[in-house]
Amino acid sequence: MDLENVSCPICLRKFDNLQALNAHLDVEHGFNDNEDSLGSNDSRLVNGKQKKARSVDSSAQKLKRSHWEKFKKGKSCCHTCGRTLNNNIGAINCRKCGKLYCRRHLPNMIKLNLSAQYDPRNGKWYNCCHDCFVTKPGYNDYGEVIDLTPEFFKVRNIKREDKNLRLLQLENRFVRLVDGLITLYNTYSRSIIHNLKMNSEMSKLERTVTPWRDDRSVLFCNICSEPFGLLLRKHHCRLCGMVVCDDANRNCSNEISIGYLMSAASDLPFEYNIQKDDLLHIPISIRLCSHCIDMLFIGRKFNKDVRMPLSGIFAKYDSMQNISKVIDSLLPIFEDSLNSLKVETAKDSENTLDPKNLNDLARLRHKLLNSFNLYNTLTRQLLSVEPQSHLERQLQNSIKIASAAYINEKILPLKSLPAILNPEGHKTNEDGQKAEPEVKKLSQLMIENLTIKEVKELREELMVLKEQSYLIESTIQDYKKQRRLEEIVTLNKNLEELHSRIHTVQSKLGDHGFN
Amino acid sequence: MNLFDVADFYINKIVTSQSKLSVANVNEHQRIKVLLLDKNTTPTISLCATQSELLKHEIYLVERIENEQREVSRHLRCLVYVKPTEETLQHLLRELRNPRYGEYQIFFSNIVSKSQLERLAESDDLEAVTKVEEIFQDFFILNQDLFSFDLQPREFLSNKLVWSEGGLTKCTNSLVSVLLSLKIKPDIRYEGASKICERLAKEVSYEIGKNERTFFDFPVMDSTPVLLILDRNTDPITPLLQPWTYQSMINEYIGIKRNIVDLSKVPRIDKDLEKVTLSSKQDAFFRDTMYLNFGELGDKVKQYVTTYKDKTQTNSQINSIEDIKNFIEKYPEFRKLSGNVAKHMAIVGELDRQLKIKNIWEISEIEQNLSAHDANEEDFSDLIKLLQNEAVDKYYKLKLACIYSLNNQTSSDKIRQLVEILSQQLPPEDVNFFHKFKSLFSRQDKMTQSNHDKDDILTELARRFNSRMNSKSNTAENVYMQHIPEISSLLTDLSKNALFRDRFKEIDTQGHRVIGNQQSKDIPQDVILFVIGGVTYEEARLVHDFNGTMNNRMRVVLGGTSILSTKEYMDSIRSAK
């Protein structure tokens with residue numbers, strides 16, 4: 001075997017001979033430290049020269065050891081496999097955390113400085129345990145995410161200032177034009193003789209509000225770029241003054257009734273009121289290009305749609321989500337109580353269960369069953385709403401699948417109670433009879449053949465609504481302490497809705513209701 | 001370095017996304033969400049998320065941004081997840097000018113340029129956008145340590161030695177997104193003899209340098225990760241051999257397209273099973289069996305069916321309410337299990353059928369012998385016999401001849417004899433293909449042989465594996481797993497820090513000055529292998545086994561421009577200019 005040009009198996013540095021390699025291993029990688037942990041004596045003979053050189057190296061580059069776990073013969077165990085450490089399996093300290101491991105369970109290498117701290121740039125390679133290895137910074141990191149939102153908002157705000165100015169100009173012109181036209185109409189409409197003058201005055205007003213571009217030099221539509229000719233006539237948009245065509249297919253411009261325009265922009269400060277002044281029937285139209293129509297009305301339509309109250313499927317879904325919050329808050333409480341009861345049953349199987357605990361659990365379960373039933377009822381109501389569109393039909397299908405999965409997942413814990421109640425059945429017939437109706441009811445609920453009288457339904461709904469009301473009141477108290485005032489407004493609104501609903505249900509129940 | 005964890009992280013980020021600002025016009029009750037995808041992100045989502053997961057987060061609608069017929073519903077919140085291409089951006093700009101939904105939160109699957117962001121901001125007239133983020137998932141995750149870009153050679157190569165402009169950009173961007181998703185700033189090494197490897201390596205290095213302070217600002221590791229770029233054509237034998245592990249067999253004989261298996265052509269297939277999903281992320285049985293060979297797989301399926309029968313027998317007696325309760329309690333798991341059993345039974349049955357009708361057992365044995373042995377007279381004789389067998393499909397004859405030519409470049413007489421037989425058995429275009437194949441790989445084989453390392457770890461593992469097979473007296477099956485892909489020796493070299501410097505050139509992105517051969521690198525702890533021209537599921541199995549063996553001392557992720565079956569590889573060579 002060639003003993004020259006050997007390389008370190010750890011960092012692959014090359015050395016001229018084995019002695020140099022061994023010295024490197026001892027100093028750089030702490031191999032010499034192993035012997036100390038085992039308490040073995042260094043039996044190797046060295047000449048004075050080499051001994052002197054090594055001692056200098058050791059004193060200069062010794063890794064910190066004060067944090068090392070002490071080796072105790074016959075007692076120290078590997079932190080990974082728990083085996084007692086001895087010469088056969090080795091007893092090595094992780095150089096970073098200092099804990100003791102057997103040779104097999106110290107497989108990783110890490111760069112440490114002389115203070116035994118992770119140092120990826122200037123450190124040297126040392127053995128370390130698996131835990132120290134996987135917890136070093138950046139090792140188990142993944143999922144780079146860059147948030148562009150602030151930059152997006154900044155650019156949007158800059159762009160928006162210009163557009164807002166332009167929009168303001170259009171709105172201003174629009175208001176002046178509408179008010180002026182209606183005024184002229186009111187002035188001249190009563191006299192047939194003055195019709196011609198009215199038209200003339202209106203044209204003059206239109207050109208005053210918005211300067212019209214000279215159309216003699218314009219050859220193409222400003223929007224669709226089609227050339228004007230015998231079949232394509234020139235028109236001016238009354239708001240921007242651009243020359244556009246009136247092609248029905250491309251919709252570059254349209255004459256729109258003034259009443260419709262006003263109702264679509266009812267937030268603008270018009271001098272006249274649509275209903276009061278009966279403006280929907282005034283035979284005045286304004287020609288606008290599609291760009292101005294978009295700029296004026298798309299935003300208004302959008303905001304109006306967004307602020308519209310929830311209706312149909314969306315309202316039902318909102319109620320469903322409120323019920324699911326009740327279920328999600330009650331279920332952990334029920335499961336905790338159930339687990340306590342199971343432990344109790346296992347310990348004292350011969351003793352009678354505490355009636356109070358059992359009653360509490362049964363009551364909680366009953367409450368949950370009512371919540372599930374109401375959730376199911378709301379799901380059915382949602383699914384029976386006639387969809388207004390294909391999109392709503394798709395939503396119904398998805399909600400159906402999701403709610404079925406939800407009930408499937410959440411209702412399983414409720415089945416455990418009857419089994420615990422059964423031992424009671426052997427001792428007391430009355431208890432046995434109590435258990436049976438619960439089971440039947442549960443089966444009916446699951447198979448979805450459940451038929452409940454109106455009174456029961458309303459009672460259950462009332463219970464759930466009161467529970468919900470209580471939860472929201474508690475939340476409001478918490479939010480007041482936390483000064484989350486914006487959310488309190490919303491919660492108060494929800495609370496009012498609940499109270500209103502509670503009142504309605506109580507009225508329907510009459511004497512059957514409870515306080 | 002678990003790609004599934006990365007996918008879960010990103011998807012969770014999208015589906016649990018909340019509005020940062022309390023926008024005045026957003027109704028507090030708005031909870032139902034619509035997920036808006038494009039043609040690039042749709043398969044990414046379908047690979048990593050199930051419908052029930054989306055429904056759990058109140059995502060009740062999934063739409064495509066290319067669909068112009070979508071209805072307006074401004075009580076919905078829209079989560080947009082798209083790739084920042086020019087085409088998709090145009091759709092998005094149009095959407096924001098007249099928004100269909102009440103609120104938009106936008107996630108891009110790769111880097112967004114400044115001008116793209118500005119145009120987007122300019123279009124948001126109604127301030128419907130409340131969030132814009134970049135996440136990096138511009139690739140397809142197939143296994144926890146395997147990814148693909150799903151690009152075919154005609155999409156990214158002008159000819160066999162030159163990238164197409166669009167292809168290089170696409171590949172570079174996707175590879176950069178892999179690095180960012182794993183938070184890795186690697187040293188790049190590439191196959192020195194391959195021009196396309198060199199070009200891609202330089203392009204990726206340029207992108208990393210350009211974005212060093214913005215995206216690649218990761219903690220310095222004590223061992224720098226390595227990105228190793230390889231060329232499929234330096235190891236042409238591996239994609240030519242018939243595979244014998246479950247996942248790779250499905251890909252070979254039925255086809256796995258983004259984790260979807262199309263069983264519609266299987267005789268007498270049940271309607272529910274015409275299209276099934278196969279993902280180790282969601283299917284525990286598949287996760288346990290995907291790397292098993294066909295013999296081991298049989299045992300597992302048998303065990304699985306036994307479990308199923310036990311459960312069905314338990315539930316066969318439903319007489320009382322108690323039994324109904326028990327049944328209902330287990331119903332979700334029961335239904336899931338029965339569906340899974342039917343799926344895997346159908347797949348295994350189809351695999352077995354095709355193995356028989358295509359004479360795969362015989363073909364594969366000869367293939368393995370040809371690739372693992374050197375200049376064997378008996379092997380050649382077996383090859384000749386099989387070529388003259390009329391029952392064997394022409395495709396497999398051509399493939400066998402190609403495999404022979406790879407290992408027997410210098411046997412002119414035998415090659416001539418082979419061509420003579422091929423001329424009798426195959427149409428002229430196939431004979432021409434053989435000549436083309438032979439000339440294409442005439443030089444490279446010598447280089448490959450000179451770098452063979454007989455002491456690598458996985459070869460030893462494979463030998464022990466074959467020995468174990470022998471001890472089970474399954475001599476026949478031992479034959480089918482003889483070939484060890486080239487990637488195996490590369491992984492061994494990497495784990496010893498002994499990668500040949502001459503063969504694999506280096507681009508140092510850390511800015512260190514390379515002092516010739518004196519500078520010795522530390523052993524890498526994280527490695528990404530990327531194969532231009534595609535990888536095979538057999539190679540994925542090797543990487544998976546290697547990761548298990550190394551037990552965190554070295555983590556490897558494998559990726560390619562696509563996932564290859566033998567037919568796809570042959571087609572890619574056929575169509576190369």
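The chains referred to below are lettered A, B, ... by the order of the sequence lines, with proteins before strands, and numbering in each begins at 1. Computed from heavy atoms alone, side chains included, the values below leave out hydrogens, waters and symmetry copies.
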Options [options], ranked by heavy-atom pairs under 4.5 Å with chain B, top entry:
| options | result |
| --- | --- |
| I399(A), I401(A), N397(A) | I399(A) |
| A405(A), A402(A), G143(A) | G143(A) |
| E151(A), K154(A), M295(A) | E151(A) |

Under 4.0 Å between a side-chain nitrogen and a carboxylate oxygen: does that hold for [X] and [Y]?
| X | Y | value |
| --- | --- | --- |
| E95(B) | R70(B) | yes |
| K131(B) | E103(B) | no |
| D119(A) | K111(A) | no |

Picking from [options], which has the most non-hydrogen pairs under 4.5 angstrom with chain A?
| options | answer |
| --- | --- |
| I135(B), N98(B), V112(B) | N98(B) |
| D124(B), L182(B), I59(B) | D124(B) |
| P219(B), P99(B), S52(B) | P99(B) |

Parallel under 30°, tilted from 30 to 60°, perpendicular over 60°: which one fits the rings of F216(B) and F218(B)?
perpendicular

Looking just at side-chain N and O atoms, do S389(A) and E392(A) make a donor-acceptor pair shorter than 3.5 Å?
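Note: S389(A) and E392(A) side chains miss the donor-acceptor criterion.
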
Below 4.5 Å from any heavy atom of chain A, which atoms of N2(B) appear? Answer side chain, backbone, both or neither.
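Nothing of N2(B), per the 4.5 Å heavy-atom cut-off to chain A.
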
What part of Q525(B) lies closer than 4.5 angstrom to a heavy atom of chain A: side chain, backbone, both or neither?
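Side chain of Q525(B) only, per the 4.5 Å heavy-atom cut-off to chain A.
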
Side chain, backbone, both or neither of F133(A) within contact of chain B (heavy atoms, under 4.5 Å):
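Side chain only.
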
So what's closer than 4.5 Å to chain B heavy atoms on I110(A): side chain, backbone, both or neither?
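Both parts, backbone and side chain.
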
Taking salt bridge (Lys or Arg N to Asp or Glu O under 4.0 Å) as the cut-off, I'd like each qualifying pair that reaches into residues 133-143 of chain A, sequence neighbours left out, listed once.
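Only K136(A)-D222(B), D141(A)-K183(B) qualify under salt bridge (Lys or Arg N to Asp or Glu O under 4.0 Å).
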
According to ring pair (Phe, Tyr, Trp, His ring centres under 6.0 Å), who are the partners of F136(B), at least two apart in sequence or on a separate chain?
F215(B)

